[in-house]
Colleague: 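What follows is a structure written as structure tokens; I'll ask about it next.
What you see below is based on every heavy atom in this structure, not just the backbone, and it leaves out hydrogens, waters and symmetry mates. These figures come from a predicted structure and were not determined experimentally.
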Amino acid sequence: MQRHAVIVVADKTTLKRPFIFLNAVNMALCFFMLAMTVAGHRDLLQAGKLVSSVSVLILYVLEIGCLLLSVVGVCGACKEKRWCLMLFAAGMAAASQTMIVKTALSYQHIYETGVAREEAKLLSMMPLNGASKANRTLLYGIQAHFKCCGLVEGYKDWGSSLPSSCLCEYPAKCIRLRGSATLGAPKNQYVYQEPCLPIYVSALKRGFSLAMGIKFGSGVFWVVLLVMSIKLMVQIKRKQEFMALLHTNRFVPGAF
């Protein structure tokens, strides 16, 4: 009975399963963030925008590094290898600090420049009836998705060439064309009333805020994993000490 009590105390590594589960979540999170970074990087390169190679490289290193660190942490927890958990803790300490500081310092700059760049890009297409084919395709997609028409003054921005993506069947969101018919839309046809620019910019702001929130939240999540890894190392150390004392048949004070 006394020996059984010692074994129960020695095997108390209660953080092992939660630690493994949260690392599995972290792997999925890192993979998602990596996919976002690759997609954003590709879009900027295709648009011919200048991208800071150092900033992009830091994101790639952080996301891929934390993905690999989670694999090391899971192996350390399963096999109870403290050196794996030490490596995991050191890596997560550096990664979490870098991500939190980088996101906090760059949020305002990325937010302002990103939104301003996209807003200027749309305004450069004015007047819309003279926009290029590629720009028209982009605008048609925006209008169909956000249920809007034009950029600043609504359907009037298209002049006498109103596209079909401006037509709607929802009177609550639309305005009826009166007077002389506009080319592309018959008289008394409903068109979207709201211009697209404020709606699109608002969606961009939400998107930027969400992306930066995910990055900042991931940094905080890595701090939680760091703390858990340290506590798990303590539990594993205590277990190993108890097992060593048990195998040497020494008296364990307080175990009986």
Side-chain angles (χ1 to χ4, degrees), residues 29-63 98-168 170 173-175 184 191-219:
L29 175 64
C30 290
F31 186 80
F32 172 71
M33 291 173 59
L34 183 60
M36 287 178 55
T37 301
V38 171
H41 191 197
R42 183 186 63 243
D43 291 342
L44 288 174
L45 291 177
Q46 289 177 350
K49 302 294 182 182
L50 295 177
V51 185
S52 173
S53 57
V54 176
S55 179
V56 174
L57 180 62
I58 290 175
L59 286 177
Y60 281 130
V61 170
L62 285 174
E63 292 157 1
T98 303
M99 181 62 82
I100 291 174
V101 173
K102 183 178 184 301
T103 303
L105 293 179
S106 64
Y107 173 78
Q108 193 66 24
H109 174 71
I110 294 177
Y111 182 86
E112 292 178 352
T113 57
V115 172
R117 181 176 62 243
E118 292 300 320
E119 185 176 6
K121 176 183 175 181
L122 290 179
L123 288 175
S124 67
M125 300 178 187
M126 297 287 288
L128 300 185
N129 54 7
S132 65
K133 182 178 180 180
N135 289 340
R136 281 174 176 266
T137 301
L138 173 62
L139 289 169
Y140 295 163
I142 292 175
Q143 290 177 157
H145 179 76
F146 292 102
K147 310 300 181 187
C148 54
C149 183
L151 290 177
V152 181
E153 297 185 36
Y155 72 93
K156 296 179 182 179
D157 291 338
W158 286 102
S160 60
S161 298
L162 193 66
S164 59
S165 57
C166 279
L167 306 182
C168 70
Y170 310 99
K173 289 187 176 182
C174 307
I175 186 173
V191 296
Y192 292 117
Q193 182 177 6
E194 296 292 329
C196 291
L197 187 61
I199 299 175
Y200 184 68
V201 169
S202 178
L204 279 178
K205 290 179 178 179
R206 290 194 300 269
F208 275 115
S209 297
L210 177 62
M212 300 304 284
I214 291 174
K215 291 180 179 179
F216 187 85
S218 65

Colleague: Any chance you could measure Thr137, atom OG1, to Ile142, atom CD1, to the nearest 0.5 Å?
Modeller: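 Rounded to the nearest 0.5 Å, the OG1-CD1 separation comes out at 11.0 Å.
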
Colleague: Do you know the tightest heavy-atom contact between Cys166 and Gly150?
Modeller: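 Scanning both residues, the minimum pair turns out to be SG-N, 4.3 Å.
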
Colleague: Only one of Glu118, Arg206, Glu119 clears side-chain contact (heavy atoms from CB on, under 4.5 Å) with Val201; which?
Modeller: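 The residue from Glu118, Arg206, Glu119 that satisfies side-chain contact (heavy atoms from CB on, under 4.5 Å) with Val201 turns out to be Glu119.
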
Colleague: Treating Ser202 as the side-chain partner and Pro198 as the backbone partner, does any N or O pair qualify as donor plus acceptor under 3.5 Å?
Modeller: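 Not a single qualifying donor-acceptor pair exists.
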
Colleague: Between OG of Ser124 and CG of Asn135, what distance do you get to the nearest 0.5 Å?
Modeller: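 Those atoms lie 6.5 Å apart.
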
Colleague: Do other residues, nucleotides or ligands put more than 12 heavy atoms under 6.0 Å from the CZ atom of Phe31?
Modeller: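 Counting neighbours around CZ of Phe31, 12 or fewer heavy atoms of other residues, nucleotides or ligands fall under 6.0 Å, so no.
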
Colleague: Drop me the distance from Leu197's CG to Cys148's SG, to the nearest 0.5 angstrom.
Modeller: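 Output value for this atom pair is 9.5 Å.
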
Colleague: Which pair of non-hydrogen atoms, one from Cys196 and one from Cys149, has the smallest distance, and what is that distance?
Modeller: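 Looking at all heavy atoms of both residues, the closest pair is SG-N, 3.5 Å.
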
Colleague: Go through Met126 and Leu128 one step at a time and tell me if the side-chain contact (heavy atoms from CB on, under 4.5 Å) criterion holds.
Modeller: CA-CA 5 Å; Met126 297 287 288; Leu128 300 185; 3.8 Å; yes

Colleague: Would you please test Met125 and Leu138 for side-chain contact (heavy atoms from CB on, under 4.5 Å) and show each step?
Modeller: CA-CA 11 Å; Met125 300 178 187; Leu138 173 62; 3.6 Å; yes

Colleague: Is the shortest side-chain heavy-atom distance between Gln143 and Tyr140 below 4.5 Å?
Modeller: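 Yes; the side chains approach each other to less than 4.5 Å.
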
Colleague: Working to the nearest 0.5 Å, report the span between CD1 of Ile175 and OH of Tyr155.
Modeller: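 That separation rounds to 5.5 Å.
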
Colleague: Let me see the working for Met99 and Met33 under side-chain contact (heavy atoms from CB on, under 4.5 Å), right down to the final yes or no.
Modeller: CA-CA 12 Å; Met99 181 62 82; Met33 291 173 59; 3.7 Å; yes

Colleague: When Trp158 is tested against each of Val191, Leu151, Leu139 for side-chain contact (heavy atoms from CB on, under 4.5 Å), which residue passes?
Modeller: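 The option that passes is Leu139.
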
Colleague: Are Val61 and Thr98 close enough, and set up right, to give a side-chain contact (heavy atoms from CB on, under 4.5 Å), and what steps lead you there?
Modeller: CA-CA 11 Å; Val61 170; Thr98 303; over 6 Å; no

